[in-house]
Amino acid sequence: MLDTHLHLRRNPDDCFIHMQGCGVSNAILLTRAPEEDQAKAEMQRRPAHFQRSVAADPAQPGAIATMRTAIQQGAVSVGELKYHLALDSPEMRRVYDLCADMQVPVMMHIQSFPHFAGEMPYNTGYPQFDKILRAYPKTTFIGHGVLFWAHISAEVPTDRGYPAGPIKPGGLTDKWLSEFPNLYADTSANSGNNALSRDSNFSPAFVQRHRAKLIFGSDCSCTDGNGGGVSQNNNPEASRLAGRCVARATLTLLKSICSPVVFRQITWTNGSKLFRVSESS
Ligand SMILES: [Zn+2]
Ligand SMILES: [Zn+2]
């Protein structure tokens, strides 16, 4: 299985320990540009298990050149991008051009409702994102995060990040996954887990419909792949996953709502194609 959303950790073996705990063989190490050497070292130690991404704040001078160089040197994706920019901003448009040019996907954290008092929104303007999806057909977009997944429903409350309960059909994310071949969805974090577990009458058909567009990721911060430490960075709104490993929780959930064939697609095939991971790499 491939975890497409594993943040690089401080100690060399911590990512691998998490993977072994939750039964994942491969991972994309989400790597900020200044942490590149650390990611490279990790890959060298375990070349069969890791690939790396690159992320830099597109509003900072030199960000595009930095990311281009990292991709030339082996980074397989851009992300996650979690900055206070509009999805339709000149800065982000330069990233979309870069990703089309270099043929790597871009993963974005889309969030409006704050997890903590004073937290500012990331990648704003999602309700108009179809304009970008249409304008950049050669760019592969991977949506992730609170607001991206809240839009699995046509009803999106503004007073919370993780809506619970029945999903109203016709949500933007559902619609756009059907309409745009260049949009994929990352199932990671409480956001993905919540969206796929909140309405058992809805999710099996959703997963079946988008089986070629969903990619498994954890975004888990637990220490051992078994729920030790803190799994959701103490985000109070995500306390439903406290004490649990997000990777394990979402893998169990996926098993319960899809066939073994689709499970394999979501946890390996789709992600390995997008991130160019081969079984023996
Ligand atoms: Zn994120
Ligand atoms: Zn975990």
Side-chain angles (χ1 to χ4, degrees), residues 1-11 13-32 35 49 53-58 77-85 87 92 95 105-116 119-124 126 129 141-151 161-162 173 184-196 214-235 237-254 267 271:
M1 293 189 288
L2 171 67
D3 183 349
T4 64
H5 199 123
L6 188 61
H7 287 281
L8 196 60
R9 297 172 182 214
R10 201 161 301 147
N11 299 320
D13 256 346
D14 284 358
C15 283
F16 195 63
I17 288 168
H18 186 270
M19 289 158 66
Q20 286 183 304
C22 62
V24 163
S25 57
N26 292 66
I28 309 299
L29 296 171
L30 297 189
T31 306
R32 294 193 193 95
E35 304 162 336
H49 298 280
S53 75
V54 61
D57 181 350
S77 64
V78 166
E80 81 179 287
L81 293 185
K82 187 176 180 179
Y83 302 99
H84 307 296
L85 289 166
L87 287 162
M92 288 300 284
V95 175
V106 53
M107 180 189 278
M108 293 152 316
H109 178 105
I110 297 166
Q111 177 187 349
S112 56
F113 192 78
H115 290 335
F116 306 98
E119 190 181 28
M120 300 288 288
Y122 305 96
N123 290 304
T124 52
Y126 184 65
F129 190 53
F141 297 92
I142 302 172
H144 144 84
V146 190
L147 190 66
F148 175 81
W149 278 115
H151 276 285
Y162 305 105
T173 294
Y184 290 77
D186 158 6
T187 66
S188 72
N190 184 52
S191 55
N193 185 287
N194 181 62
L196 296 178
L214 302 175
I215 55 169
F216 169 70
S218 74
D219 200 8
C220 187
S221 58
C222 92
T223 51
D224 53 6
N226 280 295
V230 176
S231 67
Q232 284 285 281
N233 287 320
N234 279 329
N235 169 8
E237 232 200 327
S239 61
R240 57 186 284 276
L241 288 176
R244 300 173 67 194
C245 172
V246 188
R248 277 177 167 268
T250 296
L251 290 169
T252 305
L253 168 68
L254 286 172
T267 57

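For ligands, and for the atoms within them, numbers begin at 1 and follow the listed sequence. We number each residue from 1, following the sequence as shown.
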For this session: Measuring from the Zn ion (ligand 1), name the closest N, O or S atom belonging to Glu80.
Result: OE1
Problem set entry | Atom of His109 closest to the Zn ion (ligand 1), considering N, O or S atoms |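 Nearest N/O/S atom of His109: ND1.
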Exercise. Ignoring hydrogens and geometry, is there a side-chain-to-backbone donor-acceptor pair from Trp149 to Asp186 under 3.5 Å?
Worked result: yes
Exercise. Can you tell me how far CZ of Arg248 sits from CG of Asn193, rounded to the nearest 0.5 angstrom?
Worked result: 14.0 Å
For this session: Kindly compute the distance separating OH (Tyr83) from CE (Met108), expressed to the nearest 0.5 Å.
Result: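 Reported to 0.5 Å precision, the distance equals 13.5 Å.
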Problem set entry | Metal proximity, His144 vs the Zn ion (ligand 1), N/O/S cut-off 2.8 Å | yes
For this session: Could you please compute the angle at the Zn ion (ligand 2) from NE2 of His18 to SG of Cys222, rounded to 10°?
Result: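 Result: 110°, to 10°.
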Exercise. Within a reach of under 6.0 Å around CZ of Arg9, are more than 12 heavy atoms found that belong to other residues, nucleotides or ligands?
Worked result: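 For Arg9, atom CZ is crowded (more than 12 foreign heavy atoms under 6.0 Å).
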Exercise. Does Cys22 put an N, O or S atom under 2.8 Å from the Zn ion (ligand 2)?
Worked result: no
Seminar exercise, completed: Tightest non-hydrogen contact, residues Ser53 and Thr31, listed as OG-N, 3.1 Å
